[in-house]
2 protein chains.
Amino acid sequence: MSPEPAATPRKQPKQERSQATVEAILTATTHILTENGYDQLTTNRVAERAGVSIGSLYQYFPNKKALIFALAEHHANEMVRLAQYHLEGLNNLTIPEVLRQIVKAAIAAHAVNPKLHRVLHEQIPHSEVMRRLDETKMENMLRSFLAQRSDQLQPKNLELTIFMVERTIRALLHGATIDRPELLNTGEFEQELMAMLSTYLVKR
Amino acid sequence: MSPEPAATPRKQPKQERSQATVEAILTATTHILTENGYDQLTTNRVAERAGVSIGSLYQYFPNKKALIFALAEHHANEMVRLAQYHLEGLNNLTIPEVLRQIVKAAIAAHAVNPKLHRVLHEQIPHSEVMRRLDETKMENMLRSFLAQRSDQLQPKNLELTIFMVERTIRALLHGATIDRPELLNTGEFEQELMAMLSTYLVKR
DNA sequence: TTACAATATGAATGATTGCTCACATTTTAT
DNA sequence: ATAAAATGTGAGCAATCATTCATATTGTAA
């Protein structure tokens with residue numbers, strides 16, 4: 001990023017002020033999206049709801065797309081962060097055990113802000129970039145887990161397997177979050193999803 | 001959300017002439033969407049490309065949303081039609097055999113117009129109604145297939161199973177169509193998807 | 001205090017675009 | 001042939017909305 005002077009970092013009150021502005025803008029965007037939907041999202045309305053002038057908004061976001069992208073990125077990062085937290089220290093587990101943890105992690109990740117998640121995915125025109133936000137990190141995590149256990153794996157083609165498993169988990173969690181939220185409370189859904197992946201992946 | 005405007009065609013075309021107009025409009029919409037994308041889709045441009053006046057467009061579609069919905073509906077119907085064609089006379093097959101046919105049917109359905117399918121799903125804000133277009137019929141077909149063979153089924157909860165299988169097939173076909181089109185040529189993808197569902201569903 | 005930088009303001013603009021409507025043309029029915 | 005119905009036309013209205021910019025306020029450093 002910008003070149004840092006090698007001095008003691010000191011809190012810049014200016015920074016705080018503008019930091020608060022940026023946060024207010026992102027929060028307002030979230031609220032308008034979840035409460036009113038994408039077609040009610042105008043930059044002027046965001047500014048108003050954030051208690052900030054429209055000029056300030058354009059001081060931190062060059063345009064509306066950038067604002068939405070920043071929000072989507074933030075949300076994706078939160079989801080990944082939470083998932084990673086659930087996936088620490090899985091080194092000595094078997095494939096079924098790993099899968100159970102991965103499913104649990106995905107469930108937790110989708111609980112970050114389901115309403116926002118829904119709007120982000122079903123109302124907002126997705127750019128190429130945006131579509132890849134969640135995807136890549138999950139694929140990498142899966143790759144490292146599965147590659148370590150390739151001797152226990154039944155399917156031959158690792159990359160295809162990663163693709164299938166990642167998409168399956170994401171689609172089912174996504175679908176449940178949006179259309180069958182009641183499934184997320186019972187352990188049954190978790191159990192069956194894990195079972196499906198498990199019976200497919202493990203050598204018998 | 002804002003109150004939805006009527007999505008029903010304004011006028012039922014009686015003469016051949018108007019039938020041709022409607023088709024020209026839908027075709028033009030398809031072309032603009034696939035060649036230029038959703039944010040280039042203006043009603044005036046559609047009319048121009050269709051070789052028809054803007055007034056004529058509004059004679060058959062009350063508003064832009066209705067135009068898009070009509071196109072989405074038409075496309076979904078085509079997909080279902082093609083799928084059903086692949087799914088006739090499966091009465092005496094085993095679950096794995098049925099699954100193979102279902103996967104084949106889904107592949108065929110996604111080949112109807114992949115570019116349009118992509119744009120429809122990733123660039124266009126989806127209404128509640130639109131999201132359900134493909135879903136329901138596929139679920140019903142699955143229900144009838146699986147219910148007939150419940151004695152061979154390993155999972156207990158039929159409705160949950162239908163949900164999982166339908167979403168899994170759709171997500172993987174959708175994902176492959178959009179992000180990994182090369183997978184659709186090899187039989188490997190078909191084989192593995194079938195294998196995953198099969199090992200999960202069938203009693204051992 | 002003073003000078004400067006960072007941050008905030010919001011009325012105004014400019015461009016886009018969905019959609020209407022008064023009227024013209026073509027087809028059908030009698 | 002004539003009326004009525006169906007269909008077609010496109011200039012222009014009206015509203016929306018992203019974005020700008022000239023100006024004001026606030027904080028920092030000397």
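So that the names make sense, note that chain A is the first sequence line, chain B the second, and so on, each numbered from 1.
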Going by side chain to side chain donor-acceptor pair (under 3.5 Å), name the residues that satisfy it together with B:Thr43, two or more places apart in sequence or in a different chain.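 So B:Thr43 forms a side chain to side chain donor-acceptor pair (under 3.5 Å) with B:Tyr58.
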
With A:Glu135 via side chain to side chain donor-acceptor pair (under 3.5 Å) - residues at least two apart: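 Side chain to side chain donor-acceptor pair (under 3.5 Å) list for A:Glu135, sorted by chain: A:Arg132, A:Arg167.
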
Do any side-chain nitrogens or oxygens of [X] fall under 4.0 Å of OP1 or OP2 in [N]?
X	N	result
B:Thr43	C:dC19	no
B:Ser56	D:dT7	no
B:Tyr58	C:dC21	no

Quick one: side chains of residues 67-79 of chain B, donor-acceptor pairs under 3.5 Å with protein atoms, not counting sequence neighbours, listed by atom name and distance.
unit_1: B:Asn77; atom_1: ND2; unit_2: B:Glu73; atom_2: O; d: 3.4
unit_1: B:Glu78; atom_1: OE1; unit_2: B:Arg81; atom_2: NH2; d: 3.2
unit_1: B:Glu78; atom_1: OE2; unit_2: B:Arg81; atom_2: NE; d: 3.4

Atom [atom1] of [X] and atom [atom2] of [N]: how far apart are they, to the nearest Å?
X	N	atom1	atom2	answer
B:Asp39	D:dC17	CG	P	16 Å
A:Asn63	D:dT20	CG	C1'	13 Å
A:Gln40	D:dT16	CD	P	11 Å
B:Gln59	D:dA5	CD	C1'	12 Å
B:Ile25	D:dG8	CD1	P	8 Å
A:Asn44	C:dT9	CG	P	13 Å
B:Arg17	C:dT28	CZ	P	8 Å
A:Phe61	D:dA18	CZ	C1'	15 Å

Does B:His174 have any ring-ring contact (aromatic ring centres under 6.0 Å, His included) partners at least two apart in sequence or in another chain, and if so, which? B:His117, B:His121

Hey, can you pull the residues of residues 47-55 of chain B with a non-hydrogen atom under 4.0 angstrom from DNA chain C?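 Contacts with DNA chain C under 4.0 Å: B:Ile54.
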
Report which part of the nucleic acid A:Leu41 touches: base, sugar-phosphate, or nothing (heavy-atom distance under 4.0 Å, all strands). sugar-phosphate

Heavy atoms under 4.0 Å, any strand shown: does B:Thr42 hit a base, just sugar-phosphate, or nothing?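 The residue B:Thr42 makes sugar-phosphate contact but no base contact.
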
Is it the case that more than 12 heavy atoms not belonging to A:Gln59 sit under 6.0 Å from its CD atom?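 More than 12 within 6.0 Å, yes.
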
Can you confirm whether more than 12 heavy atoms, excluding those of B:Asn92, are under 6.0 Å from its CG atom? no

End-to-end axis angle, where each axis spans five pairs of the helix from C:dT1-D:dA30 to C:dT30-D:dA1, to 10°: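 End-to-end axis angle: 10°.
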
For residues 155-164 of chain A, tabulate all N or O donor-acceptor pairs below 3.5 Å that involve a side-chain atom, not counting sequence neighbours.
unit_1: A:Asn157; atom_1: OD1; unit_2: A:Glu159; atom_2: N; d: 3.3
unit_1: A:Asn157; atom_1: OD1; unit_2: A:Leu160; atom_2: N; d: 3.1
unit_1: A:Asn157; atom_1: ND2; unit_2: B:Glu188; atom_2: OE1; d: 3.4
unit_1: A:Asn157; atom_1: ND2; unit_2: B:Glu188; atom_2: OE2; d: 3.1
unit_1: A:Glu159; atom_1: OE1; unit_2: A:Arg143; atom_2: NH2; d: 2.9
unit_1: A:Glu159; atom_1: OE2; unit_2: A:Arg143; atom_2: NE; d: 2.9
unit_1: A:Thr161; atom_1: OG1; unit_2: A:Asn157; atom_2: O; d: 2.8

Got a sec, which residues hit salt bridge (Lys or Arg N to Asp or Glu O under 4.0 Å) with B:Arg100, two or more places apart in sequence or on another chain?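 Per chain and number, B:Arg100 pairs via salt bridge (Lys or Arg N to Asp or Glu O under 4.0 Å) with B:Glu190.
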
Non-neighbouring partners of A:Glu139 that pass salt bridge (Lys or Arg N to Asp or Glu O under 4.0 Å), sequence neighbours left out: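 For A:Glu139 the salt bridge (Lys or Arg N to Asp or Glu O under 4.0 Å) partners, ignoring immediate neighbours, are B:Arg180.
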
